[in-house]
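Written below as structure tokens is the structure these notes are about.
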There are 2 protein chains.
Amino acid sequence: MGKLPTEGTQARRFGKTRSAQSTALLEDYVELIADLLLSAGEARPTDIARRLGVSHATAVKTIARVKRAGLATARPYRGVFLTEEGRALADRVRVRHRLVVDLLCALGVPTEAAEADAEGIEHHVSETTLKAFAQFLKSRR
Amino acid sequence: MGKLPTEGTQARRFGKTRSAQSTALLEDYVELIADLLLSAGEARPTDIARRLGVSHATAVKTIARVKRAGLATARPYRGVFLTEEGRALADRVRVRHRLVVDLLCALGVPTEAAEADAEGIEHHVSETTLKAFAQFLKSRR
DNA sequence: TACGTTATGTAGCCTTAGCTACACTTTGAC
DNA sequence: GTCAAAGTGTAGCTAAGGCTACATAACGTA
């Protein structure tokens, strides 16, 4: 039985988790847009919607939020593009995703499950934890 | 560079992540209520709110949702109690939380960071992955 | 070039999860 | 027993993230 966290500590943890959830979607969009730009040369709302499994209207609305956050730009009927900041975020997210998947695989999680779980887990992994993951993988290679 | 997931596969993963998020709050509430019932003998809305770092009004509203989900019962001004189903969920959640924290610690993540990150991670760990975690911890003990 | 298909954007609705403000119970101290 | 403080509940607001329905733009092909 571990020691109980103080009221304040626990509240802070939950708060952090809540804010992580609000940025998770933005990260997913940015990562996906980067992916589409690279593999298809363009990122269209309909493609994004299909990949995420949501309606195109939902995608359009969220893209608007991504733009508002300064991560992307878009002109009507002309697709979506990342800003400098968006590209930087996409890179960070991609690296983190790979690291999480690699770690899960190293622990014996089957690839398919690792990829699926990483999708949810990655948004909640702190820098500190990420470093520990990298260290662990290095030591075992 | 891993192989790309098909459109459908990726959509399914995102969908799973989305639904996990909708149950995450319920799990947190149930776990906290169980905790308070055990340590204080009662679970009052204000205590729950303070521990989660939200207003009491928000807590009350979410407690209503927990009740609607059949996980808890409550009578006005008399505190919150778990149903059979709620207790079972609380147990599962507690076990899972401990396992995630223990794993992170075993990988060299400092305790404080492990506890904090686990709060967000635990809701996205599948049964498959959970088993791999347990197996890894056993093999290394 | 005209037209049907596909993509896009917009409007309006729902639920969740947060908040503040206000009203009503309970509880405890006197 | 009274009354103030603390706790509880309710109402009404916001933003996010879903959806469907509908109108308009772009594209490809006959």
Side-chain angles (χ1 to χ4, degrees), chain A residues 7 10-33 36 40-81 119-120 123, chain B residues 7 11-30 32-33 36 40-81 119-120 123:
Chain A
E7 196 174 280
Q10 194 172 14
R12 216 169 317 111
R13 282 179 196 157
F14 279 115
K16 221 183 281 182
T17 302
R18 274 197 301 277
S19 68
Q21 261 154 10
S22 85
T23 57
L25 237 221
L26 295 185
E27 293 179 346
D28 285 338
Y29 268 72
V30 164
E31 188 179 8
L32 179 51
I33 290 166
L36 287 170
E42 59 176 0
R44 292 144 75 231
T46 299
D47 292 334
I48 294 171
R50 261 201 293 263
R51 292 273 216 117
L52 294 174
V54 298
S55 73
H56 85 274
T58 297
V60 167
K61 215 194 276 189
T62 306
I63 289 166
R65 203 184 136 215
V66 175
K67 286 199 285 181
R68 247 181 297 142
L71 299 168
T73 58
R75 291 197 328 286
Y77 299 94
R78 284 290 165 259
V80 186
F81 301 91
E119 207 59 67
H123 304 289
Chain B
E7 196 175 278
R12 218 169 316 115
R13 281 178 195 158
F14 279 115
K16 220 182 284 183
T17 301
R18 272 195 303 276
S19 67
Q21 261 154 9
S22 84
T23 58
L25 239 218
L26 295 186
E27 293 179 346
D28 284 339
Y29 269 71
V30 164
L32 180 50
I33 291 166
L36 287 170
E42 59 174 2
R44 293 144 74 229
T46 299
D47 292 334
I48 294 171
R50 261 201 293 261
R51 292 271 217 117
L52 294 173
V54 299
S55 73
H56 85 276
T58 297
V60 166
K61 215 194 277 189
T62 307
I63 289 166
R65 202 184 136 214
V66 175
K67 288 199 284 181
R68 247 183 296 143
L71 298 168
T73 59
R75 292 198 326 288
Y77 299 94
R78 285 290 166 258
V80 186
F81 300 91
E119 208 58 68
H123 303 290

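All values reported here derive from a predicted model rather than from experimental measurement. These numbers come from the heavy atoms of this one structure, side chains and all, not from hydrogens, waters or symmetry mates. The sequence lines fix the lettering, A, B, ..., with proteins before strands; numbering per chain opens at 1.
In this structure, CG of A:Asp47 is placed 12 Å from P of C:dG9, rounded to the nearest angstrom. For B:Arg68 and C:dC14, the CZ to C1' distance is 13 Å, given to the nearest whole Å. Distance, B:Lys61 NZ to C:dT16 P: 10 Å, rounded to whole Å. A:Lys67 has its NZ atom 8 Å from the P atom of C:dG9, to the nearest Å. In this structure, A:Leu52 places its CG atom 8 Å from P of D:dG18, rounding to the nearest Å. C:dT10 atom C1' lies 14 Å from atom CD1 of A:Ile63, rounded to whole Å. At whole-Å resolution of the value, NE2 in A:His56 and C1' in D:dC19 are 11 Å apart.
Toward the 5′ end of DNA chain D lies the nearest nucleotide of A:Ala57, the other residue of the pair A:Ala57 and A:Arg78 mapping further downstream. Summary of the strand contacts: B:Tyr77 and B:Thr58 both lie near DNA chain C, and taking for each the nucleotide with the nearest heavy atom, the more 5' one is attributed to B:Thr58.
Taking 4.5 Å as the limit, every side-chain heavy atom of B:His123 sits out of range of all side-chain heavy atoms of A:Thr17. In this structure, the side chains of B:Leu52 and B:Ile48 come closer than 4.5 Å at one or more pairs of heavy atoms. Contact annotation: the side chain of B:Leu36 never approaches that of B:Arg44 to less than 4.5 Å [non-hydrogen atoms, C-beta and beyond].
Here the nucleotide nearest the side chain of B:Arg44, chosen from D:dG7, C:dC19, D:dG9, is D:dG7. The nucleotide whose nearest atom lies closest to any side-chain atom of A:Val54 is, among D:dG7, D:dT10, D:dC19, D:dC19. With D:dC19, C:dG18, C:dC19 as the candidates, the nucleotide lying closest to the side chain of B:Leu25 is C:dG18.
In this structure, A:Arg51 and B:Phe14 approach most closely via the heavy-atom pair O-CD1, 3.8 Å.
Every side chain to side chain contact (heavy atoms under 4.5 Å, CB included) that A:Thr23 has, sequence neighbours left out, goes to A:Glu27.
Residues from residues 12-20 of chain A placing a heavy atom under 4.0 Å of any atom in DNA chain C, listed by number, are A:Arg18.
Under the side chain to side chain contact (heavy atoms under 4.5 Å, CB included) test applied with B:Val80, the options B:Val66, B:Thr73, B:Ile33, B:Leu71 reduce to a single match, B:Ile33.
For A:Ser55, no side-chain nitrogen or oxygen approaches OP1 or OP2 of D:dT20 to under 4.0 Å.
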Give the table of side-chain donor-acceptor pairs shorter than 3.5 Å for residues 55-63 of chain A, with sequence neighbours excluded, one pair per line with atom names and distance.
from	atom 1	to	atom 2	distance (Å)
A:Ser55	OG	A:Thr58	N	3.2
A:Ser55	OG	A:Thr58	OG1	3.1
A:Thr62	OG1	A:Thr58	O	3.0

